[in-house]
Amino acid sequence: VTLKGRIYLIKAGVGSPEIGIVLSNNRKITCSCSPDLEDSIKEFSPDSLVEVVGEATSDPGGHIDHISLVDITSISLAPLYLSRITLDHKIYQLSEKIALKFDMHDDLYTYEYEPLRILAYGNTRREALDYFKEEFDNIHDFIAQKNDNELAQDALDIKRKIIKLVSKVT
C-alpha cells in the first residue's frame, strides 16, 4: 500500500525503528521498518510530508492501523517552474517561466496557476501535471482562439494573459 501523510513520530536508535504519520483524515498510522531503513527515517523531521510504501495490516473495522515500511520518500511542496509545456501533439514555448503552486488536499496532488485560473489535481503528481497541461491546452485552443466579443470579461482577461504568455506553438 502507498499512503501520504505528515510525520508526527520518529523513533530511531532505541529498539525497533518506526515512524508515525497522520493522514489527511487525521488518522494516525504507525510504520515499522527494518534496521536498514533506520538511517533514512532519521533524515526526516516531524511535520515532514512523506509518501510511505509497505505492507499494511488493518484493525477489525478494516482501517489500516500499521504498515511494515518498504520505502519512504519526502514530498516537496516547492513550486514547479516551467518554460514550456509539452503535450503528445504540441509544445507551447512560453515567453517567461511560470511557477505552478504545488500542494496536497485530501490525498490528491494539486498544481495551481492562478493567473490562468487553473487548478489541476490527480492521484499522483504525474496525473496532476498532465491534467494541468490539458487545461492549459484547452484554454489556448478554446478561449484564446475566440473573438473578443464572444467572451465574458473574465475569459477575455485569461485570453490576453495566455496570448502574452505563449511565444510559440509547435
Side-chain angles (χ1 to χ4, degrees), residues 1-10 19-29 31 39-54 69-170:
V1 68
T2 301
L3 296 175
K4 299 173 270 305
R6 292 198 179 273
I7 294 177
Y8 76 90
L9 166 75
I10 301 171
I19 64 163
I21 62 169
V22 179
L23 306 179
S24 63
N25 62 3
N26 290 323
R27 283 189 45 84
K28 291 184 176 181
I29 308 287
C31 305
D39 287 338
S40 294
I41 68 171
K42 287 179 182 177
E43 295 176 12
F44 293 98
S45 60
D47 208 37
S48 296
L49 187 59
V50 295
E51 182 175 84
V52 296
V53 178
L69 203 59
V70 173
D71 193 22
I72 181 169
T73 54
S74 178
I75 298 173
S76 170
L77 296 178
L80 175 64
Y81 294 92
L82 301 174
S83 57
R84 73 172 171 234
I85 297 172
T86 305
L87 294 103
D88 291 337
H89 58 287
K90 66 177 94 164
I91 298 172
Y92 292 97
Q93 189 64 44
L94 306 179
S95 58
E96 60 187 49
K97 275 189 180 178
I98 61 172
L100 305 185
K101 181 182 171 190
F102 175 72
D103 208 346
M104 285 187 60
H105 300 283
D106 297 325
D107 291 332
L108 288 176
Y109 293 95
T110 64
Y111 281 108
E112 180 179 14
Y113 186 63
E114 195 281 325
L116 296 179
R117 298 187 188 149
I118 298 174
L119 178 61
Y121 57 89
N123 291 317
T124 65
R125 279 186 152 187
R126 172 60 45 203
E127 283 181 15
L129 184 57
D130 289 346
Y131 184 45
F132 170 84
K133 291 175 180 182
E134 290 173 22
E135 288 297 301
F136 187 95
D137 188 43
N138 288 334
I139 289 171
H140 186 269
D141 286 353
F142 298 112
I143 294 178
Q145 307 308 317
K146 292 263 188 200
N147 291 323
D148 290 358
N149 60 359
E150 297 179 78
L151 298 172
Q153 186 59 48
D154 58 338
L156 192 56
D157 292 343
I158 290 172
K159 175 183 175 175
R160 289 183 182 129
K161 289 175 184 174
I162 200 164
I163 287 173
K164 183 179 177 185
L165 182 61
V166 174
S167 62
K168 183 179 173 183
V169 181
T170 54

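These numbers were taken from a predicted model, which means no experiment stands behind them.
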Evaluate side chain to side chain contact (heavy atoms under 4.5 Å, CB included) for Thr73 paired with Val50, printing each intermediate quantity in order.
CA-CA 6 Å; Thr73 54; Val50 295; over 6 Å; no
Rounded at 0.5 Å granularity, tell me how far CD1 in Ile91 sits from OG1 in Thr170.
4.5 Å
Rounded to the nearest 0.5 Å, how far apart are CD1 of Ile72 and CD of Glu43?
10.0 Å
Hey, does the side chain of Lys101 reach the backbone of Pro79 with a donor-acceptor pair shorter than 3.5 angstrom?
no
Using atom types as modelled and distance alone, determine if a side-chain donor or acceptor of Asn147 lies under 3.5 Å from a backbone N or O of Asn149.
no
Just wondering, are more than 12 heavy atoms of other shown residues or ligands nearer than 6.0 Å to CZ in Arg84?
no
Checking ring pair (Phe, Tyr, Trp, His ring centres under 6.0 Å) against Tyr111, which of Tyr121, Phe132, Phe102 comes through?
Phe102
Less than 4.5 Å apart, any side-chain heavy atom of Arg6 and any of Ile75?
no
Answer yes or no: is there a side-chain heavy-atom contact under 4.5 Å between Gln145 and Lys159?
no
List the steps and the verdict of salt bridge (Lys or Arg N to Asp or Glu O under 4.0 Å) for Asp137 and Lys133.
CA-CA 6 Å; Asp137 188 43; Lys133 291 175 180 182; over 6 Å; no
Considering residues, nucleotides and ligands other than Lys42, do more than 12 of their heavy atoms fall under 6.0 Å from its NZ?
yes
Nearest heavy-atom pair of Val70 and Gly54: which atoms, and what distance?
CG2-CA, 3.8 Å
Can the positive tip of Lys168 be found less than 6.0 Å from the middle of the six-membered ring of Tyr92, inside 45° of the ring normal?
no
Is the backbone N or O of Glu134 less than 3.5 Å from a side-chain atom of Asn138, with the two atoms forming a donor-acceptor pair by type?
yes
Separation of Leu119 CG from Glu112 CD (nearest 0.5 Å):
5.5 Å
List the atom of Cys31, the atom of Val52, and the distance in Å for their closest heavy-atom pair.
SG-CG2, 4.3 Å
Does NZ belonging to Lys146 count more than 12 external heavy atoms closer than 6.0 Å?
no
So does Lys164 get a backbone contact from the side chain of Ser95, meaning a donor-acceptor N/O pair under 3.5 Å?
yes
Output the distance between atom CG (Asp71) and atom OG (Ser40), rounded to the nearest 0.5 Å.
8.0 Å
Side chains of Leu77 and Asp103: does their closest heavy-atom pair fall under 4.5 Å?
yes
Determine whether Leu165 and Tyr113 satisfy the following criterion, side chain to side chain contact (heavy atoms under 4.5 Å, CB included), listing intermediate values before the conclusion.
CA-CA 12 Å; Leu165 182 61; Tyr113 186 63; 4.2 Å; yes
Pair Asp157 + Lys161: basic N to acidic O under 4.0 Å:
no
Do His140 and Val169 touch side chain to side chain, with heavy atoms closer than 4.5 Å?
yes
Is there a side-chain contact between Ile85 and Val166 (heavy atoms, below 4.5 Å)?
no
CD1/Ile98 to CG/Leu116 distance, rounded to the nearest 0.5 angstrom?
7.0 Å
Yes or no on side chain to side chain contact (heavy atoms under 4.5 Å, CB included) for Ile158 and Ile139, after CA distance, side-chain angles and deciding distance?
CA-CA 8 Å; Ile158 290 172; Ile139 289 171; 3.6 Å; yes
Do any N or O atoms from the side chain of Thr2 and from the backbone of Val53 form a donor-acceptor pair under 3.5 angstrom?
no
If you count every heavy atom of other residues, nucleotides or ligands that lies below 6.0 Å from Asp88 atom CG, does the total exceed 12?
no
Considering only heavy atoms from C-beta outward, does the side chain of Arg126 approach that of Leu129 to under 4.5 Å?
yes
One pair to check against side chain to side chain contact (heavy atoms under 4.5 Å, CB included): Lys4 and Leu49. What are the steps and the verdict?
CA-CA 7 Å; Lys4 299 173 270 305; Leu49 187 59; 5.5 Å; no
When rounded to the nearest 0.5 angstrom, what is the spacing between CD1 in Ile143 and CG in Asp154?
8.0 Å
Quick check: closest heavy atoms across Ala128 and Gly122, and the distance to 0.1 Å?
CB-N, 3.7 Å
